[in-house]
Amino acid sequence: RVLELALVTVGATGRVMDEWSTRINPQGPVGATHIHGITQADVANAPVFTDELADVTLRLRGAAVVAHNANFDLAFVRAEFARAGWKMPFLPCLCTLEASSYYLPTLQRRRLSDCCEAAGVRQGQAHAALGDAKATAGLLQHFMSPRYARRPARPISASRTPPPTSCGRQNPTQSHS
């Protein structure tokens, strides 16, 4: 279940324009507190996902989602939409984990912290929604910048294509069940 949600809106150059985050009451156990640091007490008085659904949908309208390991994150969000009886809208997506193979080809490990370190992006609190969203926004800005991005010296081959533009099952030609 989703325990925390953060959205960082960036402009065309990757500059942060807005930040929004909230804790979510999962109406059940919070799971791996040792990873995300969120306790049952932290979410006891937080809104449930359905309380935030309309606002989240408005904030995502016309946006493309960028996330590190986007399929993982979006699966949780998609499940929350389904639990609420809503169909998650199509969201064009870039996964910075997948894109890191293209922009940071020499990395041995591709965790968000590894990618941020290699790109010189400051990472706040790891595994906190807003900290990870801000770090991912910084990584996107790095990937977008001709000044900082590391691009391959050789032409892109079929086995080394640019990063995908949509994550998971989310494409307009597939049904959203």
Side-chain angles (χ1 to χ4, degrees), residues 2-22 24 31-38 56 59-80 88-174:
V2 170
L3 301 175
E4 190 175 33
L5 190 61
L7 302 171
V8 174
T9 305
V10 299
T13 62
R15 188 173 67 87
V16 173
M17 309 298 283
D18 186 44
E19 297 175 1
W20 174 87
S21 67
T22 187
I24 301 289
T33 298
H34 67 283
I35 294 174
H36 51 64
I38 299 172
V56 168
R59 288 176 178 280
L60 291 173
R61 181 182 294 158
V65 172
V66 178
H68 200 76
N69 199 0
N71 286 333
F72 178 83
D73 289 346
L74 288 174
F76 281 93
V77 176
R78 192 177 295 112
E80 293 292 350
M88 187 165 143
F90 168 72
L91 297 169
C93 179
L94 174 76
C95 177
T96 56
L97 174 63
E98 291 178 23
S100 71
S101 295
Y102 178 77
Y103 290 102
L104 302 167
T106 61
L107 283 185
Q108 296 299 309
R109 297 187 69 176
R110 299 190 178 280
R111 296 172 305 175
L112 181 58
S113 59
D114 300 320
C115 292
C116 286
E117 183 178 335
V121 172
R122 186 170 166 258
Q123 185 180 14
Q125 185 181 354
H127 303 293
L130 187 57
D132 284 356
K134 289 164 93 172
T136 301
L139 202 53
L140 173 66
Q141 185 176 37
H142 176 83
F143 290 171
M144 291 171 59
S145 172
R147 182 173 165 201
Y148 298 110
R150 296 178 186 142
R151 301 220 170 37
R154 65 182 196 270
I156 298 169
S157 68
S159 64
R160 190 170 154 87
T161 58
T165 57
S166 182
C167 302
R169 302 176 317 197
Q170 300 183 157
N171 90 41
T173 60
Q174 293 177 329

Exercise. Taking His68 for the side chain and Arg110 for the main chain, is one N or O donor matched with an acceptor at less than 3.5 Å?
Worked result: yes
Can you list, pair by pair, the side-chain donor-acceptor contacts under 3.5 Å of residues 3-19, counting residues two or more places apart and other chains?
| from | atom 1 | to | atom 2 | distance (Å) |
| --- | --- | --- | --- | --- |
| Glu4 | OE1 | Ala129 | N | 3.0 |
| Glu4 | OE2 | Arg23 | NE | 3.3 |
| Asp18 | OD2 | Arg59 | NH1 | 3.3 |

Let me confirm one number: the [atom1]-[atom2] distance from [X] to [Y], rounded to the nearest 0.5 Å.
X	Y	atom1	atom2	result
Asn69	Glu98	CG	CD	8.5 Å
Gln141	Thr136	CD	OG1	13.0 Å
Cys115	Gln123	SG	CD	10.0 Å
Arg111	Ser100	CZ	OG	12.0 Å

For this session: Verify the neighbour count for atom CD of Glu117: are there more than 12 heavy atoms of other residues, nucleotides or ligands below 6.0 Å?
Result: no
Exercise. For Arg122, what residues pass the side-chain contact (heavy atoms from CB on, under 4.5 Å) criterion, not counting sequence neighbours?
Worked result: none
Do you know the tightest heavy-atom contact between [X] and [Y]?
X	Y	answer
Glu80	Val2	OE2-N, 3.0 Å
Ser21	Leu130	OG-CD2, 4.0 Å
Phe143	Ala99	CE1-CB, 3.8 Å
Leu91	Ala63	CD2-O, 4.3 Å

Please examine the side chains of [Y] and [X], heavy atoms only from C-beta on, and report whether any two atoms are closer than 4.5 Å.
X	Y	value
Leu60	Pro89	no
Cys95	Asn71	no
Asp114	Gln108	no

